[in-house]
Visitor: 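First the structure, which I've put down as structure tokens, then a few questions once you've had a look.
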Amino acid sequence: MTVHGGLRQRLIKDSLFNLVRDGLTDLGWFEASPARRDVKMVAKLIPLTEEISPTTIAMAPLDQSERELELGSSAAEIEWEIYFDIFAENEAIGVHLAGDVKAILGGRYPDIGRTSPVLPVYDYRQATPSVIFTCDLQDISVDRALLESPRPWQQYWWQIRVVVVDEDLGY
Amino acid sequence: MAGTDPNFSAAEFRDAIRFAMKMGSPGAEEDKATFRWNPSRTFSTADPAGQPYDWTSVPASDSTPPDVVTDLVAVEFTGRPQASGITSMGTFDPSGVTLTILDEDYEDVKTANEVLLGGNTYVIRFHAPPTGLFDATVHTIYAEAVDES
């Protein structure tokens with residue numbers, strides 16, 4: 001089954017969210033621990049003025065660009081820039097989580113089955129979602145956000161950037 | 001500090017404050033404080049944010065609380081400072097309101113997301129730490145204007 005347009009975009013976004021969430025679940029990040037605060041993950045861009053309780057991971061889908069794949073067809077390679085913001089409770093958690101998210105995206109975590117930078121895209125409209133196509137995950141980078149006057153929850157803020165590459169053949 | 005005092009009647013205090021609140025409330029029903037909540041719906045098939053993939057689908061459940069219209073609240077309007085306004089980057093220092101409400105009435109609206117006052121919508125931003133007068137507790141809510149019509 002092939003999906004197009006906005007639905008295709010949403011399934012890519014949700015598959016990426018679930019890929020990272022499932023990976024972090026396998027690594028035990030969402031289990032309660034006396035050594036740290038609970039970790040939660042949300043599928044939205046959080047405004048800078050909104051208070052965020054550490055540790056929170058927020059996925060923010062941002063800009064897209066595309067280029068033609070071949071002459072004579074509408075096939076295109078669409079690049080979608082997506083950020084994972086980590087608002088950690090301290091330095092160690094921030095570094096650890098950022099490293100785990102980067103490795104999950106980059107396919108460098110064989111312990112949890114991530115061995116390649118590929119995103120399987122699921123059709124979540126189905127009762128038992130199946131993979132309908134894949135995207136590549138490229139240009140993964142980690143930025144430490146340093147603000148001149150950070151709010152308390154912005155002290156330990158990391159951003160993991162990934163470019164999702166979708167070859168949409170248009171048919 | 002809040003606490004029990006035999007010489008203080010919380011019920012009489014609340015009645016007197018509510019009388020003053022009603023006195024200051026506009027007469028028209030549509031101008032009274034109307035507390036509203038963001039939609040809270042669930043769908044049989046939805047994304048991680050709870051939104052459906054099929055926009056024609058009917059919610060499996062809708063637990064959005066109904067609007068609460070009340071005059072049991074004191075409204076203090078704070079106008080936009082003279083030097084601020086709408087710029088190319090957005091609106092700075094929007095007008096705001098400070099809502100003061102008694103404990104028993106606060107329960108009905110404490111989870112609201114916005115309040116409609118005289119046709120203008122204000123987004124609730126902050127609940128101040130409550131203060132007390134013996135057995136009665138007073139809550140203060142700060143909200144800022146989305147738009148001023």
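Naming: A, B, ... by sequence-line order, numbering from 1 per chain. Only heavy atoms go into these numbers, but all of them, side chains included; no hydrogens, no water, no symmetry mates.
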Visitor: What pairs with A:Trp29 under ring pair (Phe, Tyr, Trp, His ring centres under 6.0 Å), at least two apart in sequence or on another chain?
Guide: A:His96

Visitor: Mind checking whether B:Ile17 and B:Phe8 sit in one hydrophobic cluster, side chains of I, L, V, M, F, W, Y counted as touching below 4.5 Å?
Guide: yes

Visitor: Verify the neighbour count for atom CD of A:Glu68: are there more than 12 heavy atoms of other residues, nucleotides or ligands below 6.0 Å?
Guide: no

Visitor: Heavy-atom cut-off 4.5 Å, strictly under: side chain, backbone, both or neither for A:Tyr124 against chain B?
Guide: both

Visitor: Say whether B:Val109 and B:Tyr142 are linked into one hydrophobic cluster, either directly or through other cluster members, by side-chain heavy-atom distances under 4.5 angstrom.
Guide: no

Visitor: In terms of hydrophobic clusters joined by side-chain contacts under 4.5 Å, are A:Tyr83 and A:Ile57 together?
Guide: no

Visitor: Tell me whether the count of non-hydrogen atoms from other residues, nucleotides or ligands lying under 6.0 Å of NZ in B:Lys22 goes above 12.
Guide: no

Visitor: Do A:Phe30 and A:Trp158 belong together in a cluster built from hydrophobic side chains that touch within less than 4.5 Å?
Guide: yes

Visitor: Locate the shortest heavy-atom distance separating A:Arg10 from B:Tyr53; write the atom from each residue and the value.
Guide: NH1-CA, 3.5 Å

Visitor: Linking I/L/V/M/F/W/Y whenever their side-chain heavy atoms sit closer than 4.5 Å, directly or via other members, would A:Val101 and A:Ile140 fall into one cluster?
Guide: yes

Visitor: Which residues from residues 23-48 of chain B are near chain A, with near meaning under 4.5 Å between non-hydrogen atoms?
Guide: B:Thr45, B:Asp47, B:Pro48

Visitor: Please determine whether the number of non-hydrogen atoms from other residues, nucleotides or ligands lying under 6.0 Å from atom NZ of A:Lys102 exceeds 12.
Guide: no

Visitor: Listed by residue number, which members of residues 60-68 of chain B have a heavy atom under 4.5 Å from any heavy atom of chain A?
Guide: none

Visitor: Check side-chain hydrogen bond (donor to acceptor under 3.5 Å, both in side chains) between B:Thr56 and all other residues, then give those that pass, not counting sequence neighbours.
Guide: B:Asp54

